[in-house]
Engineer: 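Input: one structure, supplied below.
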Amino acid sequence: MTLFENVPDRKGTRSVKWDLVHSLYGSEDVLPMWVADMDFPTPNAVTEALVSRAEHGVFGYTYTDTALHKTISNWVQDRHNWQIKPSWLIYSPGVVTTLHIAVQALTNVDDGILIQTPVYPPFYDLVSSHDRKLVTNPLKLVNNRYEIDFEDFEAKLKQGVKVFILCNPHNPVGRVWSKPELAKMAALCKKHDVTIFSDEIHADLIFDGNFHIPIASLSDEINEQTITCMSPTKTFNLAGLQASYAVIADKNIREKINDFLKKQGLTMLNTMGITALDAAYQHGKPWLEKLLSVLETNKQLVIDAFKDRQEISIVPPEGTYLLWMDCRKLGLTHDDLKNFMQEKAKVGLNDGKSFGEEGEGFMRMNIACPTVTVKEGIKRILTAINS
Ligand SMILES: Cc1ncc(COP(=O)(O)O)c(C=O)c1O
């Protein structure tokens, strides 16, 4: 496992996670376990493809061809058992970009957009920055696992909601929504004529015993009213290369999105992003299997470390490499909790409240780092609690 143990020093690489530690956490000795990228190098095959492309030395305009469409559809079929048509694909630099474009292309000012909170913070910006109406369906924490309040879900859909942004697997609560849950959400969206934007960026990062199901794969009808955003960037640690795609079966929706992308001048991906996407999906599978076993180890370590502790309990994730930590029993105000993690434990976590008010008393930990780093993070938190 040296591949996932001896990782390069990321300091001095303009790394958001490592080089912004001081400005965000006020001290250089805080261990960064926050923003959702990994400390692991991407598969060798991806690096080799990038080096080879770099050695070519000419970086002119590059297009996404049928071979790339095929590579993507093979990946989606192989990993998610969903047969997509190459013509359904559109490309964009990132999932957040696609979501912003989709909100603008398919909704109007004051239209309701439903999200399930606590959730990935940019979902809130998607609503507020375009003057849409925020409608929330808070998730319920039942026996340390999050569930959907379907009664509330339907009641909220009736409040002028045009779009439901699904996060599956869910960041930060780690749920991989089951087939019955997805079918129920889909049926309600169909009943109330609500378009689904399904953010499935974490779809390949699934823990043992769980299965990711793209909501659009449930039926042709659901497929026709869904935009599915996917990307190799979380799976293969390529976020800095900015290459993602969306699967949109409905021609009318696809044309509206494509028109909007064109109006922003977003008609092409960058050369290196395309190269990495192609190589990752063609050759990255064995690496991904190893990654998943490291993440499984790391996840279990954290869960076990806090199993017998009163103060913090970990919400066991079914997918993603993000752990949602319930710190409410520490008995601190939220600001004191943040200070405790940053100043006493010296661990840089994501503030639970940035995911919505339901995140009060919670923190999010990124475990996509060497196991020794996870152990160090645990040690720092336990030492701070004990003292
Ligand atoms: C749910 C979710 N969607 C989207 C993104 C970011 O996607 P991108 O970098 O492709 O915009 C993240 C990153 O953490 C995420 O967790």
Side-chain angles (χ1 to χ4, degrees), residues 14-17 20 32-40 42 72 89-104 113-127 129 139 146 163-177 196-206 212 214-215 226-247 257 261 264 266 269-270 272-274 276-277 280-281 295 317-324 348-352 354-356 359 362-369:
R14 299 197 174 94
S15 156
V16 167
K17 190 192 266 170
L20 296 182
M33 301 183 87
W34 64 292
V35 69
D37 69 19
M38 305 198 264
D39 291 335
F40 306 125
T42 197
I72 292 173
L89 289 168
I90 62 136
Y91 295 88
S92 105
V95 167
V96 173
T97 310
T98 308
L99 293 172
H100 273 286
I101 297 288
V103 165
Q104 293 173 87
I113 298 185
L114 181 70
I115 58 174
Q116 292 175 312
T117 54
V119 77
Y120 180 54
F123 283 14
Y124 293 90
D125 307 335
L126 283 167
V127 181
S129 58
L139 297 169
Y146 279 86
V163 163
F164 163 47
I165 308 181
L166 171 66
C167 194
N168 185 29
H170 191 281
N171 170 11
V173 309
R175 280 298 315 277
V176 176
W177 302 113
I196 303 170
F197 296 176
S198 189
D199 179 338
E200 303 189 14
I201 197 167
H202 297 278
D204 301 314
L205 300 163
I206 307 295
H212 175 77
I215 193 165
T226 303
I227 296 174
T228 306
C229 298
M230 291 180 157
S231 169
T233 54
K234 291 281 171 249
T235 317
F236 295 105
N237 207 21
L238 301 168
L241 288 175
Q242 302 198 307
S244 84
Y245 57 93
V247 186
I257 304 275
L261 280 165
Q264 313 306 310
L266 288 167
L269 292 186
N270 77 78
M272 293 315 227
I274 293 175
L277 163 55
Y281 277 4
L295 295 179
E318 298 166 349
T320 82
Y321 48 69
L322 307 163
L323 294 193
W324 192 232
L349 307 174
N350 283 88
D351 172 10
S354 66
F355 298 84
F362 288 77
M363 299 296 275
R364 192 191 74 176
M365 176 190 271
N366 178 344
I367 54 159
C369 51

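The residues of the chain are indexed from 1 along the displayed sequence. Just so you know, ligand 1 is whichever comes first in the structure, and atom 1 is the first atom listed for that ligand.
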Engineer: Evaluate the criterion side-chain hydrogen bond (donor to acceptor under 3.5 Å, both in side chains) for residue pair H170 and Q116; output intermediate values, then yes/no.
Structural biologist: CA-CA 9 Å; H170 191 281; Q116 292 175 312; 5.5 Å; no

Engineer: Without swapping roles, check the side chain of Y321 against the backbone of T235 for a donor-acceptor pair under 3.5 Å.
Structural biologist: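 Pair absent, no side-chain N/O of Y321 close to backbone of T235.
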
Engineer: What I want to check is whether the side chains of T98 and S92 have a donor and an acceptor closer together than 3.5 Å.
Structural biologist: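 Per modelled atom types, T98 and S92 side chains form a pair under 3.5 Å.
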
Engineer: Check whether N366 reaches the backbone of D37 with its side chain - one donor and one acceptor, N or O, closer than 3.5 Å.
Structural biologist: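 At least one qualifying donor-acceptor pair exists.
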
Engineer: Between ligand 1 and the protein, tabulate every N or O atom pair separated by less than 3.5 Å, reporting distance only.
Structural biologist:
residue  : atom   : partner : partner atom : Å
ligand 1 : 3 (N)  : D199    : OD1          : 3.4
ligand 1 : 3 (N)  : D199    : OD2          : 2.5
ligand 1 : 10 (O) : V95     : N            : 2.7
ligand 1 : 11 (O) : V95     : N            : 3.3
ligand 1 : 11 (O) : V96     : N            : 3.0
ligand 1 : 14 (O) : K234    : NZ           : 3.1
ligand 1 : 16 (O) : N171    : ND2          : 2.8
ligand 1 : 16 (O) : H202    : NE2          : 2.8

Engineer: Please work out which of the three classes, parallel, tilted or perpendicular, describes the rings of F362 and W324, given edges at 30° and 60°.
Structural biologist: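 Correct class here is parallel.
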
Engineer: Write down the atom of L241, the atom of A276, and the distance for their closest heavy-atom approach.
Structural biologist: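 Of all heavy-atom pairs spanning L241 and A276, the closest is CD1-CB, 3.7 Å.
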
